[in-house]
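Written out below as structure tokens is the structure these notes cover.
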Amino acid sequence: MGKNSYNPFRSMRIVFLISAILFMIGPTLITLIMTFSPGQFFEFPPRSFSGRWYINFFQQDSWMHPAFVSLFIAICSALLALIIGVPAAFWISTSKGKVRAVLYTLFCSPLLIPVVVFATGIYFLFSILHMTDTLAGIIIAHGVLGIPFIVAVTVSSLFSLDRNLELAARNLGASTIQIFYKIKLPLCRIGLIIGFVFAALSSINEVVVVLFLCERKVQPLSLKMWEGFRYEINPTIAVAAIFVMVLASILVLLNMCLGHSLLKKKNIRGDRNEKTNDERQVKT
Amino acid sequence: MNSSLVLKGAGSSRSHLSNWYIYPGLFFYLLFLGIPIALICKESFWQNGITLAYYQRIFKDATYVRVLLNTIRISSLVTIGCFILSYPFSMLLVHYRGRGLLSKCLYVIFAIPLIVNPLALLYAWMVILQKEGVINFLLIQVGISAAPFQFIYNSTGVVIPMIYLLVPYSILLTYASIISIDDNLMKAALNLGANYLHVFRSVIFPLSLPGAISAAIIVFALAMGYFVTPALLGGIDETVLAMIIKDRMNMPHGWGVASALTIFLFFVVTVLFLLMIAFLRFNKTWERYFQIGYGEK
């Protein structure tokens, strides 16, 4: 079955590849096309193109305010998840066997629990504390939901960390905190950034908890889009969706570029050290 | 447990409890995850005293039983659809694995439903499936039917977008399962003259089946907890567990029933996850069975 011989499976495979890609990308493309449609209601294919809905989205306060609220919530909750998740990840990575498995499951449990269950429970808790419609409340809720992302990514990046670096530092007398700040944290920076981006993304896209907790005072973008769906469907929702998508793509691309540049920096640092050693040798 | 004074510099043999930095985080986490769940449990069992009345109600009242059956029906359809789609898609991933740009792009493309806002995707599916939408437009243009079909606000409108949203999980898990098959088995089969289809049927499919089934179980568990898609794109017959929980939460005395329903959902999903873990363990005996079969020949 050489590559040059006619292989009926090959053409079938390419056709299937293209249709699979179309199936997955299709809805996103259609959302993009709909943002340019002139009419109020859905019509496909759109008759002409107009940027009216973009102007609508970016000028109306009723859309821009929720957008910034969502962004703020996303960043704060991702930071919260970082603060809680990174020590947890360190703890997990220093444990072994059954303890490690139990801890890992424990800290990844928000992914395993149905969101509705968590939303109900947190609603009960917050109604006792009178925190239901508050910014702090939704940040805490999204923070808890974002912890698994941080923990999973950090544990895996710590896993690939050379143990000898830590042992050498400890040998030289470093305390736990020093090791944490000077060795472990810098080396898993990439993992932290990736985890942060994922946690923030999941917070922006989160709908169920927002629906349970937010009513009037806090209006994230998800809530506004949901209401738009229920009460007045116009393509501004699509614009909001594209806005979030573009934001997410920027974050992911930044993430990848940062990851690459951080890797490059490490190599450069190594080269620089060699240089000074050579210079030292030349001097003596 | 008191080994914190001994071997302090030796790394992992230190007592875990002496790592003070974990305590604030752990406390926070237990506070905002453990207490909500405890509260739900309490609400479901409490009505001026410990009672099972709410649980009895959710199993006897026709409304709740119907909602439960709806949820199971929709989740089953979604699971079957995802299972059917998972093999072709993950075979694509397997085939183009390691070929540079295309393989990386494929990963991202198959993960799009996880990255993009679900409301945006549902908006797009609404546009595709509605009476004046893409599919009906194409059907009428090509001439297959004269009148548009009703695809949304019924089961079709719920199941298809849910399949779309959940297929990445299915693909990723099936892909992992296929990758873990020993390459030599496939090469041996190809060497012996089997074509691709035969290799798939006799080697790849049987050996990856436990992994694919555990993926299906996860998809089922996730689909049971779905709220947004059935709420926006479904009709009355597609009222799902999550929707009725939210609805009862808005009613003044509905907290008890909502909690009972929530605990029930939690219980079902947990059982499903344990089932999945058991299936993954079963994978080892399954593989050994097949390899004994090959060895004996």
Side-chain angles (χ1 to χ4, degrees), chain A residues 1 9 13 16-17 20-21 24-28 30-31 34 42-44 83-85 87-88 91 94-96 99 107 109-110 112-118 120-125 140-141 144 147 166-167 170 176 201 204-205 207-208 211-212 222 225-226 229 237-238 241-242 244-245 248, chain B residues 9 11-12 16 19 21-22 25-26 28-29 32-33 35-37 39-40 43 88-89 92 95-96 109-110 112-113 115-128 130 132-134 137 164 190 195-197 224-225 227-228 232 241-242 245-246 249 255 258-259 262 265-266 269 273:
Chain A
M1 215 169 30
F9 291 117
R13 196 165 53 226
F16 188 68
L17 177 69
I21 294 181
M24 298 308 270
I25 296 191
T28 317
I30 288 187
T31 312
M34 288 306 289
F42 306 141
E43 51 176 18
F44 194 89
I83 296 175
I84 311 266
W91 186 21
T94 52
S95 325
K96 285 187 183 163
V99 177
F107 279 102
S109 49
L112 306 174
I113 300 177
V115 195
V116 196
V117 175
F118 177 72
T120 319
I122 213 106
Y123 180 75
F124 284 154
L125 179 63
I140 292 177
V144 173
I147 288 179
E166 184 198 348
L167 289 174
R170 214 175 271 289
T176 318
L201 203 60
I204 293 184
N205 288 338
V207 183
V208 186
L211 275 177
F212 270 74
S222 313
M225 287 171 76
W226 170 269
F229 241 110
I237 303 177
I242 299 287
V244 171
M245 258 188 263
Chain B
S12 60
H16 301 300
N19 299 342
Y21 53 83
I22 56 173
L26 191 63
F28 171 90
Y29 195 69
F32 288 106
L33 190 61
I35 292 193
I37 297 186
L39 282 175
I40 306 178
E43 283 282 346
F89 282 39
L92 270 180
H95 188 262
Y96 289 106
I109 287 176
F110 284 146
I112 279 183
I115 305 177
V116 178
N117 200 343
L119 286 175
L121 294 170
L122 287 175
Y123 180 84
W125 276 109
M126 225 179 196
V127 170
I128 297 176
Q130 60 169 352
E132 311 87 16
V134 184
F137 174 77
Y164 177 79
L190 286 171
N195 58 12
Y196 255 147
L197 197 61
M224 290 275 284
F227 175 77
V228 184
L232 289 178
L241 210 53
I245 290 177
K246 170 125 207 312
M249 288 285 290
W255 282 19
S259 317
T262 309
L265 178 64
F266 190 19
V269 170
F273 275 128

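Chain letters run A, B, ... following the sequence lines, proteins first, then strands; residues in each count from 1. The model shown is predicted, which means the values in this text are computed figures rather than measured ones.
- Judged by distance alone, with hydrogens and angles left aside, the side-chain atoms of A:Asn205 form a donor-acceptor pair with the main-chain N or O of B:Ile115 at under 3.5 Å.
- Among A:Val207, A:Ile113, A:Ile140, the residue making the largest number of heavy-atom pairs under 4.5 Å with chain B is A:Ile140.
- Contact annotation for B:Ile35: only side-chain heavy atoms (C-beta onward) come within less than 4.5 Å of a heavy atom of chain A.
- Contact check for A:Phe107 versus B:Leu26: side-chain heavy atoms found under the 4.5 Å cut-off.
- Considering CD1 of B:Ile128 and OG1 of A:Thr31, their distance stands at 8.0 Å, rounded to 0.5 Å.
- Within the 4.5 angstrom heavy-atom criterion, atoms from both the backbone and the side chain of B:Phe266 approach chain A.
- The greatest number of non-hydrogen atom pairs below 4.5 Å with chain B, out of A:Gly26, A:Pro27, A:Pro87, is found for A:Pro27.
- B:Pro36 approaches A:Gly121 most closely through the heavy-atom pair CB-C, 3.3 Å.
- For the atom pair OG1 (B:Thr262) and CZ (A:Phe124), the distance works out to 6.5 Å, reported to the nearest 0.5 Å.
- B:Leu33 is not listed as a side-chain neighbour of A:Ile147, based on a closest heavy-atom distance of 4.5 Å or more.
- Residues B:Leu232 and A:Trp226 have side chains in contact (heavy-atom distance under 4.5 Å, counting atoms from C-beta outward).
- Looking at B:Ala242, the atoms closer than 4.5 Å to chain A (heavy atoms on both sides) sit in the backbone and in the side chain alike.
- Put simply, of B:Leu241, B:Leu121, B:Val228, the one with the most heavy-atom pairs under 4.5 Å next to chain A is B:Val228.
- A donor-acceptor contact shorter than 3.5 Å links the side chain of B:Tyr164 to the backbone of A:Met24.
- Going from atom CG of B:Asn117 over to atom OG1 of A:Thr28 covers 11.0 Å, rounded to the nearest 0.5 Å.
- If you tally non-hydrogen atom pairs under 4.5 Å between each of A:Ala20, A:Gly85, A:Ala141, A:Ala88 and chain B, the highest count goes to A:Ala20.
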Self-check item: Worked check of side chain to side chain contact (heavy atoms under 4.5 Å, CB included) between B:Phe28 and A:Val144
Solution: CA-CA 9 Å; B:Phe28 171 90; A:Val144 173; 4.0 Å; yes
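- B:Val269 touches chain A through its side chain: at least one heavy atom from C-beta onward sits under 4.5 Å away, while N, CA, C and O do not.
- Shown here for A:Phe229 and B:Leu119, the closest heavy-atom pair between the two residues is CE1-O, 3.5 Å.
- Only the side chain of A:Leu201 comes within less than 4.5 Å of a heavy atom of chain B; its backbone N, CA, C and O stay farther away.
- Interface remark: A:Ile83 contributes no atoms to any contact with chain B (heavy atom separation under 4.5 Å).
- B:His95 is not listed as a side-chain neighbour of A:Leu17, based on a closest heavy-atom distance of 4.5 Å or more.
- Residues B:Tyr96 and A:Arg13 are in side-chain contact: their nearest non-hydrogen atoms beyond the backbone lie under 4.5 Å apart.
- In this structure, the side chains of A:Pro110 and B:Tyr29 come closer than 4.5 Å at one or more pairs of heavy atoms.
- Between B:Phe227 and A:Val115, every side-chain heavy-atom pair lies at or beyond the 4.5 Å cut-off.
- Residue contact with chain A, scored on non-hydrogen atoms closer than 4.5 Å, involves the side chain of B:Leu92 exclusively.
- For the side-chain contact (heavy atoms from CB on, under 4.5 Å) test, residues two or more places apart in sequence or in another chain that qualify with A:Ile25 are A:Ile21, A:Leu29, B:Ile109, B:Ile112.
- Note: B:Ala120 leads B:Ala120, B:Gly225, B:Ser259 in heavy-atom pairs under 4.5 Å with chain A.
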